[in-house]
Amino acid sequence: MQDQLKQFALTLGASEVGFCKLTPSPLPQFPYAISIAVKLSDAVLSTIDNAPSFIYFQHYRTANTLLDQIAFRLTQKIEEYGFSALPVAASQSLGKENPYRGVIPHKTAAVLSGLGFVGKSGLFLSSKYGSKVRLATVLTDMPLQSELPVIENGCGECTLCKNACPAGAIFGEKPTIDGERNFDPEKCSRYMKEHFQDIGRGSVCGVCIKVCPKNKLQ
Ligand code: SF4
Ligand code: SF4
């Protein structure tokens, strides 16, 4: 069934799919997770210079919609198999109390699934595509097995994202699995709202994606 879920997600447009057990899970009734990655377009990312672009913002939203649909369809499939599942939206917020976090950081599920590691930027870096991906997660009680080992961090001495970030939101610290101590999401968001309110309502930038040397050209 795990392989069927993977093939299903790939058919729906996922670029990568991984599985893991969460220890601990943020929702104990769902101890397993499926991590879904969708690769962003190289041509679109090339429109980002030292500031966001409308083209990137539209692409970002489309990638989120695709991810949410894949997570939704996987949830339906898992329920057909007789288990429960909870889709975590690509851009989930838990409201005013916790505006920058969803039920689980997508990057945590992606790292535990062996798809890549969290960089100093706080971004998830896929082994195949670097930070040129967006993520979503499905939590479930369907037993799943990791297919790949967890990858050690690979930023080394690089500080390109820290140097390039216009908001000073990247600390350049040793990365953690959830990116919590690497990056200040409030600073990032505040900068965007102050300087680029007309693009993406101040919610996207992309400079730290653009400068990362882990991004492989296609
Ligand atoms: S999105 Fe832009 S402002 Fe936010 S951390 Fe990345 S480079 Fe900095
Ligand atoms: S730009 Fe360098 S330090 Fe930042 S995430 Fe990429 S590899 Fe890591």
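Order of appearance sets the numbers: ligands from 1, and atoms from 1 within every ligand.
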Closest to atom 4 (Fe) of ligand 1 by heavy-atom distance, out of A164, C188, S189, is C188
Decide yes or no on salt bridge (Lys or Arg N to Asp or Glu O under 4.0 Å) for E147 and K6, but give the supporting numbers first.
-> CA-CA 11 Å; E147 297 175 344; K6 186 174 188 171; 2.8 Å; yes
Distance filter under 4.0 Å to C165 heavy atoms, resulting ligand 1 atoms | 3 (S), 5 (S), 7 (S), 8 (Fe)
No-hydrogen, no-angle side-chain donor-acceptor test under 3.5 Å, Q145 and Y32 | no
Hey, does the side chain of S15 reach the backbone of K39 with a donor-acceptor pair shorter than 3.5 angstrom?
-> yes
Answer yes or no: is there a side-chain heavy-atom contact under 4.5 Å between C158 and P213?
-> yes
Around atom CZ of F72, are there more than 12 heavy atoms of other residues, nucleotides or ligands at under 6.0 Å?
-> no
Check whether L12 and V38 end up in the same hydrophobic cluster, where Ile, Leu, Val, Met, Phe, Trp and Tyr are linked by side-chain heavy atoms less than 4.5 Å apart.
-> yes
Per-atom contacts, ligand 1 versus A167 - under 4.0 Å to a heavy atom | 3 (S)
At a cut-off of 2.8 Å, list the protein N/O/S atoms near atom 6 (Fe) of ligand 2, residue plus atom name.
-> C212 SG
State the atoms of ligand 1, each with its element, that fall below the 4.0 Å cut-off from a heavy-atom position in V207.
-> 7 (S)
How many angstroms lie between CG in L123 and CZ in F117, if you round to the nearest 0.5 Å?
-> 11.0 Å
Residue set satisfying side-chain hydrogen bond (donor to acceptor under 3.5 Å, both in side chains) with Q29, at least two apart, ordered chain then number -> none
